[in-house]
Amino acid sequence: MRQYRVGVFSIAACLVGLTMAPAAHAQASRSKIDMPATPGVPEFRDPKTGQIWTPLNVGRQSGPPTPEDLAFDPLGQAVYVQGIVTQRPRAVPLSSVPITAGPTVPIVNLGDATLRAVPGKRWEVVLYLDNNSANTVAPLLNCRFTNSGRLVEQTHVLVPTVGPGIRVGMIVYGPKVELFVDRATCEVKSP
């Protein structure tokens with residue numbers, strides 16, 4: 001009788017193990033980060049007068065706004081970059097991170113991102129990526145630059161290989177600053 005009980009308990013333990021196995025092998029969802037534009041003081045140099053205009057000195061007179069003050073309406077922008085831009089940023093190793101990838105922790109994780117405009121150049125996202133696994137990975141990211149929810153530019157980011165347990169920093173470039181962007185969303189597509 002004792003052998004019968006041990007056999008029944010062994011079979012029951014195997015069945016419990018089989019039903020729990022898919023949950024143990026499940027991987028955490030991929031990392032995604034959403035960031036608004038970093039508040040700063042954008043500026044525009046008038047090519048004719050040399051005057052530098054910022055939100056701090058535009059529209060300071062009393063009365064209704066002039067046509068010059070209403071010249072650009074960011075919400076009325078209908079221009080966007082056609083297609084998907086592919087870029088290969090330089091990833092700078094910054095520090096080590098614990099190797100914690102598993103059922104509840106993604107293999108790579110994005111964090112601490114900022115969106116800013118570089119006057120006269122491009123919008124850029126400065127972001128950090130952690131390789132939480134014990135393997136070398138070459139992540140693929142997708143970043144969307146938007147204006148009030150409307151797509152301005154989409155880019156695929158081919159990150160160079162990142163060693164196990166390493167945190168890297170990189171810059172992802174967006175559209176030229178002539179196109180208004182108020183938000184960028186970057187997410188891991190692979191691994």
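When all heavy atoms of Ala101 and Pro106 are compared, the pair lying nearest together is CB-O, 4.0 Å. The heavy-atom pair separating Val125 from Ala184 by the smallest distance is CG2-CB, 3.8 Å.
Heavy atoms from other residues, nucleotides or ligands lying under 6.0 Å from CZ of Arg150 number more than 12.
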**OP:** Go through the steps to decide whether Val177 and Val118 satisfy the test side chain to side chain contact (heavy atoms under 4.5 Å, CB included), and finish with yes or no.
**Re:** CA-CA 7 Å; Val177 292; Val118 178; 5.5 Å; no
| said: Please evaluate residues Phe180 and Val152 with respect to the criterion side chain to side chain contact (heavy atoms under 4.5 Å, CB included), reporting the C-alpha separation (whole Å), side-chain torsions for both, the decisive distance (0.1 Å), and the verdict. | reply: CA-CA 8 Å; Phe180 184 74; Val152 176; over 6 Å; no
**Prompt:** For Thr185 and Lys32, what are the C-alpha separation, side-chain angles and deciding distance, and is it a side chain to side chain contact (heavy atoms under 4.5 Å, CB included)?
**Reply:** CA-CA 7 Å; Thr185 304; Lys32 181 177 181 177; 3.4 Å; yes
- [ ] Please report the C-alpha distance between Glu124 and Arg116 in whole Å, then the side-chain angles of each, then the deciding distance to 0.1 Å, and finally whether the side chain to side chain contact (heavy atoms under 4.5 Å, CB included) criterion is met.
- [x] CA-CA 6 Å; Glu124 61 183 39; Arg116 66 181 182 179; 2.5 Å; yes
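When hydrophobic clusters are built by joining Ile, Leu, Val, Met, Phe, Trp and Tyr residues whose side-chain heavy atoms come closer than 4.5 Å, directly or via intermediates, Val159 is grouped together with Val85.
Distance check: Asn132 CG to Ile107 CD1 gives 9.0 Å after rounding to the nearest 0.5 Å. How far CZ of Arg90 is from CD1 of Ile171: 8.5 Å, rounded to the nearest 0.5 Å. Between atom CD of residue Gln87 and atom CG of residue Leu141 there is a gap of 9.5 Å, rounded to the nearest 0.5 Å. To the nearest 0.5 Å, the span separating CZ on Arg144 from CZ on Arg183 amounts to 13.0 Å. From Ser95, atom OG reaches atom OH of Tyr128 across 10.5 Å, with rounding to the nearest 0.5 Å. The SG atom of Cys143 lies 10.0 Å from the CG atom of Leu115; values are rounded to the nearest 0.5 Å.
Side chain to side chain, Asn131 and Ser133 meet the donor-acceptor criterion of an N or O pair below 3.5 Å.
At distances below 3.5 Å, at least one donor-acceptor pair connects side-chain atoms of Arg122 with backbone N or O atoms of Gly174. With hydrogens and angles disregarded, a donor-acceptor distance shorter than 3.5 Å links the side chain of Trp123 to the backbone of Leu179. Glu153 contributes no side-chain N or O that, together with a main-chain N or O of Tyr80, makes up a donor-acceptor pair within less than 3.5 Å.
For the side chain to side chain contact (heavy atoms under 4.5 Å, CB included) test with Phe145, the passing option among Leu151, Val181, Asp182 is Val181; the others fail. Across Thr161, Leu110, Val108, Val168, a single residue satisfies side chain to side chain contact (heavy atoms under 4.5 Å, CB included) together with Pro139, and that is Val108.
Contact check for Leu158 versus Thr86: side-chain heavy atoms found under the 4.5 Å cut-off. Between Met170 and Leu129 there is a side-chain heavy-atom pair separated by less than 4.5 Å. Annotation: side chain of Cys186 is not in contact with side chain of Val157 (no heavy-atom distance under 4.5 Å). Within the 4.5 Å cutoff, side-chain heavy atoms of Leu127 are placed close to those of Val172.
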